[in-house]
Number of protein chains: 2
Amino acid sequence: MSQRPTIMDVAAAAGVSSATVSRVVNGVASVDRDLARRVRAAVRTTGYVPNALGRSLRRGGTAQIAVVTPDAENPYFTQIISEVERIVRADHYSVTVAHTEDDLDLERDCFAQLVGRHVAGVLLVPVHGARTDLSPLTDAGIPVVLVDRWIDGAATDLVATDNIEAGRQAARHLHERGFRAPAVLTGPSDLRTTEERVVGHLAAWRELGVAAPDSVIARGDLHLESGRELMAQILAAGEADCVYVTNNRMSAGAFESMRGVQDAPALLATDDDLWTRLVTPSVSVVHQPVRATARAAARMLGQRMTDPEEEPSTTLLRSRIIDRESTRPR
Amino acid sequence: MSQRPTIMDVAAAAGVSSATVSRVVNGVASVDRDLARRVRAAVRTTGYVPNALGRSLRRGGTAQIAVVTPDAENPYFTQIISEVERIVRADHYSVTVAHTEDDLDLERDCFAQLVGRHVAGVLLVPVHGARTDLSPLTDAGIPVVLVDRWIDGAATDLVATDNIEAGRQAARHLHERGFRAPAVLTGPSDLRTTEERVVGHLAAWRELGVAAPDSVIARGDLHLESGRELMAQILAAGEADCVYVTNNRMSAGAFESMRGVQDAPALLATDDDLWTRLVTPSVSVVHQPVRATARAAARMLGQRMTDPEEEPSTTLLRSRIIDRESTRPR
DNA sequence: CGATGATCAGGAAACGTTTACCGGCACGAT
DNA sequence: ATCGTGCCGGTAAACGTTTCCTGATCATCG
């Protein structure tokens, strides 16, 4: 089509300079009432929309924040994304998403992209606690806030669930309901998020006087299928009277395996995803405070964007048990 | 921090002009092998990353495509987003998301944003078939492809499920299984997506010799709660032996209402969301070809970006029934 | 051997903003 | 009356690229 109107066109239409138009559009400094009115009229008649590229180039920064997650279809992450967007929209920031698919190469490419695009900040769920390299972002002076997953030794803000406590809550809940032979379905041992849940869980069982042998810990890869397979093995072994699953996708797989099975062990899953309350028996879960996590992360990122020199901090949010049928006393 | 290196820094380091650096970085034209090597070395040592803002400003366009949906937490839309990102990434495009929350004002603001940011194209699930105003986008020359929902009279590409056929499939399936007293749970009558499913559904029942009175159509607002409430009413009336729900969120609500109810009517839901195969009885669904929709939409947008003048077309993709327990013959 | 053409690198303009700086004007104070 | 002070608007530079155009070098051919 025809070219879009620029600030120059507006200036010409209003009979003023581009500087004045800019001042009016950005509401900065004071310009004569009549002039301002004329400018606004010209903006309307020309249909002028400021070019964000020119603006960002001149200002040296965009109004975009990036949310980078391993899996954009996981409800936990989609809720985070959705909530973050809602929050930052109020400050006229927009959100770009990228998924890394748990692939370090994709993550690296993604970081380069974000640096080139001069995003104002990044909310990151890193692929790996040791091998994710934040330096492209930090070297470029882009504030990063970690969400849900740690990076070893990184001097970076983090917002996450208090996972040790989450694991303890799970153990206490199961113990209270009368179960005494726990099993755990969890993720890879180098993923701190799920591993801390296991640590807290086992510690709590020990304190409660139940010696939980290491053998009851089954490790998968966070995907639904591995949850299904590992649960099948646990059922076959037939030694556990309750199972705690530390991750939402594996929880679904685990449930699938025990669906309809007589005298199945109690199931305590992670995350209050929709299916957990629709299935029979409905599934008790450790509910992570997703919205609160998103809010805290967004707030923290905002702080870092205004004051980059402050000390990084860690915010741990408390989960809670949602008690349903799958952990009823037998 | 210190300033980021610009193309000038690289040029100085390599002892060439910025033009040459640009040519090397973009792999355009031919530059001397030695020079190119020197430039690449300088890029590495300086840690240069091209500034996408400068580039886009100069080139007059970005490499971003926007996906605008009403609800970023609905699995149907998240799958679309996720798949689109995966596809366009191959062409070095990135994706920005915005949710409109079914709010026309938000949608309008969002369009203005996108125009200002000079996105290369938009994949849009419009808020309203009559009141969504595409002109800000089209006036700015931004290609738009509609996904899942129509806009009345818009000369715009559309990719969607063949909803009339989907409704017919639903009726045929239920009839085949021996049900003869259908009810329908659907969205607002001005939403063509769900309304066409109803139309096709009723037409198919009629052809099958079952006169379905209009009274069996219950209209909600697409949210889970309305599905729950309307299903409760249908159960109370006790006249239907099968229920077709035309939308995924309402499907979940409907199931919730009939969960554990003796002699509940058969349920045929929409979308193969996770819960449908985990619940008891597992729920038969009309499965929309989500990935294929995303692929078709991305491809179509690509075409419009290269050739804006072509005639708009409509692509309808065929759904299929996934047969589970909730529609077993009684 | 000179002219022509091909090839390649650099200079500089342009993309659309914002903003530092300057100039002009009005007004008040000395 | 003159000078100083504020205020407000315009001029122009700058942000970092890409790309047109020009000029230089070199080879080929007449």
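Chain letters run A, B, ... following the sequence lines, proteins first, then strands; residues in each count from 1.
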Is the closest side-chain heavy-atom distance between B:Leu301 and B:Pro143 below 4.5 Å?
-> yes
With sugar-phosphate taken as primed atoms, P, OP1 and OP2 and all else as base, the protein-contact string of nucleotides 16-28 of chain C at under 4.0 Å (heavy atoms; B, S, -) is BBBB---------
Using the salt bridge (Lys or Arg N to Asp or Glu O under 4.0 Å) rule, take B:Arg291 and A:Glu73 through it: C-alpha gap first, then chi angles, then the decisive distance, then the call.
-> CA-CA 13 Å; B:Arg291 312 268 169 211; A:Glu73 294 183 35; 3.1 Å; yes
With sequence neighbours left out, the residues meeting side chain to side chain contact (heavy atoms under 4.5 Å, CB included) with A:Ala292 are A:Pro289, A:Arg295, A:Leu317
Mind checking whether A:Leu222 and A:Arg249 have side chains closer than 4.5 Å, heavy atoms only?
-> no
Contacts of type salt bridge (charged side-chain N to carboxylate O under 4.0 Å, His left out), residue B:Arg89, not counting sequence neighbours = A:Glu101, B:Glu85
Mind checking side-chain hydrogen bond (donor to acceptor under 3.5 Å, both in side chains) for A:Arg108 and listing every partner two or more places apart, or none if nothing turns up?
-> A:Asp105
Considering residues at least two apart in sequence or located in another chain, which fulfil the side chain to side chain contact (heavy atoms under 4.5 Å, CB included) criterion with B:Ala52?
-> A:Arg117
Among B:Ile65, B:Val119, B:Thr62, whose side-chain contact (heavy atoms from CB on, under 4.5 Å) with B:Tyr93 holds?
-> B:Ile65
Below 3.5 Å is the cut-off: list the nitrogen or oxygen pairs between protein and nucleotides 22-26 of chain D, distance only.
none

Taking only residues two or more places apart in sequence, or in another chain, which ones meet B:Ser135 in a side chain to side chain contact (heavy atoms under 4.5 Å, CB included)?
-> B:Asp133, B:Thr138, B:Asp139
Can you name the side chain to side chain contact (heavy atoms under 4.5 Å, CB included) partners of A:Ser22, sequence neighbours left out?
-> A:Ile7, A:Asn26
Qualifying salt bridge (charged side-chain N to carboxylate O under 4.0 Å, His left out) pairs with a residue from residues 147-159 of chain A, counting only residues at least two apart or across chains = A:Asp102-A:Arg149, A:Asp157-A:Arg304
Within residues 33-42 of chain A, find the residues that approach DNA chain D with a heavy atom at under 4.0 Å, and present them sorted by residue number.
-> A:Leu35
Phosphate OP1/OP2 of D:dC8: any A:Ser30 side-chain N/O under 4.0 Å = yes
How sharply is the helix from C:dC1-D:dG30 to C:dT30-D:dA1 bent, taking the axes over five pairs at either end and rounding to 10 degrees?
-> 60°
Results of side-chain hydrogen bond (donor to acceptor under 3.5 Å, both in side chains) for B:Arg37 - residues two or more places apart only | B:Asp34
